[in-house]
Amino acid sequence: MVKESEHQRFKEKLATAAGMPKDVVQGAAVVTIIGNEEACIENYRRIIEYTDNVIRVQAKQRQIKIAGINLKIEFYTNDEMKITGKIDSLEYCK
């Protein structure tokens, strides 16, 4: 049986060899932050926590926690969301 870490390394090598972005091959989350007032998260699985001070989402391998003031999810689809408000921090958690 192939271990998860070996499987992950194989995917990374495949992505590099094929010239494909890692987020496509691995399903990795893509976080784009514009200033301190907007964040877009792609490839997330579900919303875990949603308050005006904390938004926490589950990605494939980790949780992404955004903390700030007056946070709001402007829109979301099955794999993308836009968060607005005053963003103070972004943290990756297990």
Side-chain angles (χ1 to χ4, degrees):
M1 186 169 151
V2 178
K3 294 181 180 177
E4 184 64 30
S5 61
E6 291 175 13
H7 187 67
Q8 192 67 26
R9 283 194 296 266
F10 173 75
K11 284 183 174 182
E12 288 175 13
K13 288 179 183 179
L14 178 64
T16 302
M20 296 174 64
K22 287 184 179 182
D23 63 301
V24 172
V25 176
Q26 298 175 357
V30 176
V31 181
T32 305
I33 297 182
I34 302 169
N36 70 332
E37 296 180 349
E38 185 176 310
C40 293
I41 302 175
E42 299 175 62
N43 300 332
Y44 74 96
R45 290 194 171 172
R46 63 186 172 103
I47 299 168
I48 298 171
E49 182 178 1
Y50 181 19
T51 69
D52 62 344
N53 294 319
V54 174
I55 297 176
R56 203 163 38 111
V57 299
Q58 180 67 51
K60 183 175 181 181
Q61 297 175 358
R62 297 175 175 245
Q63 291 181 8
I64 300 167
K65 177 183 173 184
I66 295 179
I69 300 169
N70 296 325
L71 298 178
K72 177 168 65 169
I73 297 176
E74 287 290 324
F75 75 87
Y76 66 95
T77 64
N78 286 339
D79 60 3
E80 180 181 11
M81 74 168 56
K82 178 181 176 181
I83 299 168
T84 59
K86 183 181 178 294
I87 298 170
D88 292 326
S89 66
L90 176 124
E91 181 181 352
Y92 293 97
C93 315
K94 283 218 172 199

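Reckoned from all heavy atoms, side chains included, excluding hydrogens, waters and symmetry mates.
Nearest heavy atom pair, residue K65 against residue C93, reads CB-SG, 4.3 Å.
With sequence neighbours left out, T32 forms a side-chain hydrogen bond (donor to acceptor under 3.5 Å, both in side chains) with no residue at all. Legend: residues meeting side-chain hydrogen bond (donor to acceptor under 3.5 Å, both in side chains) with D88, ordered by chain and number and at least two apart, are K86.
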* **Test log, rule salt bridge (charged side-chain N to carboxylate O under 4.0 Å, His left out), inputs K82 and E74** => CA-CA 6 Å; K82 178 181 176 181; E74 287 290 324; 6.0 Å; no
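The CG atom of D79 sits 7.5 Å away from atom CD of E42, with the distance rounded to the nearest 0.5 Å.
A donor-acceptor contact shorter than 3.5 Å links the side chain of N43 to the backbone of A28.
Side chains of Q63 and R56: a donor on one and an acceptor on the other come within 3.5 Å.
Through direct or relayed side-chain contacts under 4.5 Å between Ile, Leu, Val, Met, Phe, Trp and Tyr, L71 connects to V31, I33, I41, Y44, I47, Y50, I55, V57, I64, I66, I73, Y76, M81, I83, I87, L90, Y92.
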